[in-house]
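So the structure is just underneath, and the comments pick up after that.
Every chain is numbered from 1, with letters handed out A, B, ... down the list of sequences. Not measured: the values here are computed from a predicted model.
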Amino acid sequence: MGIKNLMKLIQASAPAAVKEITLKELLGRKVAIDASMTIYSFLVAVRSSSDGAPSANLTNEAGEVTSHLQGIFSRTIRLMEHGVRPVYVFDGKPPTLKSGELAKRKEAKEKAKIDLEAAQARIAAAGEDDAEAAKEAVAEAEKLAKRTVHMQGSHQEEAKHLLRLMGVPVVEAPCEAEAQCAALAKAGVVWAAATEDMDTLCFGTPRLLRRLTFSEARKLPVWEISLPKLLADLGLSMDQFVDVCILCGCDYLEPLKGIGPVKALERVRKHGDLAAVIEALREEGKVPVPEGYPIDEALRLFHEADITDPETLRGDIKWTAPDEAGLVEYLVDQKGFNADRVRNAIERLKKARAKGGQKRMDSFFTMGAKAKAAPAAKKGAAKPKSAAAKPARRTSASVKAGAAAAAAAAAAAASSAGTASPVAAEPSGAVVAAPSTGPASPAATPAEGPAGRSAPEAAATPAPVFFAASRPKPAASKRSSEDMDSAETSKAKRAK
DNA sequence: CTCGTCC
DNA sequence: TCGTCTGGCTCAAGACGAG
DNA sequence: TGAGCCGGACGAC
């Protein structure tokens, strides 16, 4: 899943697009979560071992798997206790161009299954005689079992049922959940998409949250990746960014031998767009490009992804009171959960709902902007990717001097643009080069904050910092909606 | 903090 | 020679609380 | 499955 090595590329060439944030900063935020990935990770991780045997998922007495329910239940409550308002987005039908990728995964899974059976046979054969061999076989079976984890439709349906009982909104995407998450974020229906899948950036989410898992500060901080900032620092338009990602290797298209992230970026900067890059590669003849290499279709999947118009979902995305009796009946009676724990959790959930429901100060601004933007939203049918889009600026130096210089140049250019006006930092409104269904208009993307906010920060740093793990806090800058986010209530009071 | 439990 | 890509390898992918 | 690490291949300079 995702774009190969994209995170590395970002860390090398646009590190400032990634910000470490705490859960506190997500208070009151609506966040779209890819449900399938979440469920899958719970199925893999939530296991329990019993005396010597390889670990297995949690189950009720009837043998039905409950790991995903346990995981979703506790994580959702935990998030809501921090004031996060999660929306779970479920996959629909996968696009046909993905079938190659899916077939590959299926094959790998079947192989793992065969290996697993072999390992299990070895466990049995080793018996008590050879404790050493048995232990080894168990360890191997353990790993293989995780590789054979297969998510079933029933798991998804059960998760939906649980979430609905909890009063947490569920969205059923027509196709890929990632695309729907991005559309929701782009339209401002949610504040960000939370997923590990970097594809979501290609689908145009203005904000991507990674590592929104885990409890409190116990582990790693959450990463917020800003798309406008990323584009500015890379010096790419949205279209060009997608081009780079496709060249790096995505689920839809085999990557080209000899082209990695560095060359992908270099090439797109040099030639302007994907079609031109491919053409040049064919002419040069050094990198083999397959005959019917379907770049147009891959482009279409990203630019015109099959999604439900976020505006039609806006009204349904609500956090309602949990159905307490329903939850007890489902989790305790049907799935064998501990009654006390469930009741306790429900109490926490009810309290948590109140916390997340508090209106953020900036919601006022957001709504104002949206109201104005709405009429303008209906744009004409999507242009077939304007190849005419000028290659933003091609520094010939960057090709020569490598990523470091390129990043420096890009960062400098971006920050100077950014300080002039927060809006200008959003490159050409490319972020909202919406798919045909996309209702988003530039102004409807609320609080394109990160670009505006971190631009001054970058300007204040004379030399480019490549692994800026700990950057100084940005000084409070101009008042805009995003400043309210970080400054919270104290700022709000002063503003009064 | 580690380790065992959740179902 | 250096930078970049590749292929093989490994590991870990949850949340919680009792002690 | 992805992400980090590493020895080796290969092309650019």
So [X], base contact, sugar-phosphate only, or nothing? Heavy-atom distance under 4.0 Å.
{"X": "Asn338(A)", "result": "sugar-phosphate"}
{"X": "Thr66(A)", "result": "sugar-phosphate"}
{"X": "Leu256(A)", "result": "sugar-phosphate"}

Could you check whether Asp233(A) pairs with Lys229(A) (Lys NZ or Arg NE/NH1/NH2 to Asp/Glu carboxylate O, under 4.0 Å)? yes

May I ask you to evaluate whether [X] reaches the phosphate of [N], defined as a side-chain N or O under 4.0 Å from OP1 or OP2?
{"X": "Arg78(A)", "N": "dC16(C)", "answer": "yes"}
{"X": "Lys8(A)", "N": "dG2(D)", "answer": "no"}
{"X": "Arg210(A)", "N": "dA3(D)", "answer": "yes"}

Between Lys257(A) and Arg348(A), which is nearer to the 5' end of DNA chain C once each is assigned its nearest nucleotide? Lys257(A)

Please report the distance separating the C1' of dG2(D) from the corresponding atom of dC16(C), rounded so that it comes out in whole Å. 26 Å

When you compare dG14(C) with dG4(D), how far apart are their P atoms, in angstrom units rounded to a whole number? 15 Å

Taking the six-membered ring of Trp223(A) as reference, does the cationic atom of Arg210(A) (NZ for Lys, CZ for Arg) lie under 6.0 Å from its centre and within 45° of its axis? no

Nearest-Å distance for atom pair CG/P, residues Leu220(A) and dG14(C): 11 Å

Arg211(A) CZ to dA13(C) P, in whole Å, measures 12 Å

Heavy-atom closest pair, residues Gly2(A) and Asp251(A): N-OD1, 3.5 Å

Counting only N and O atoms by type, is there a donor-acceptor contact under 3.5 Å from the side chain of His155(A) to the main-chain atoms of Gln152(A)? yes

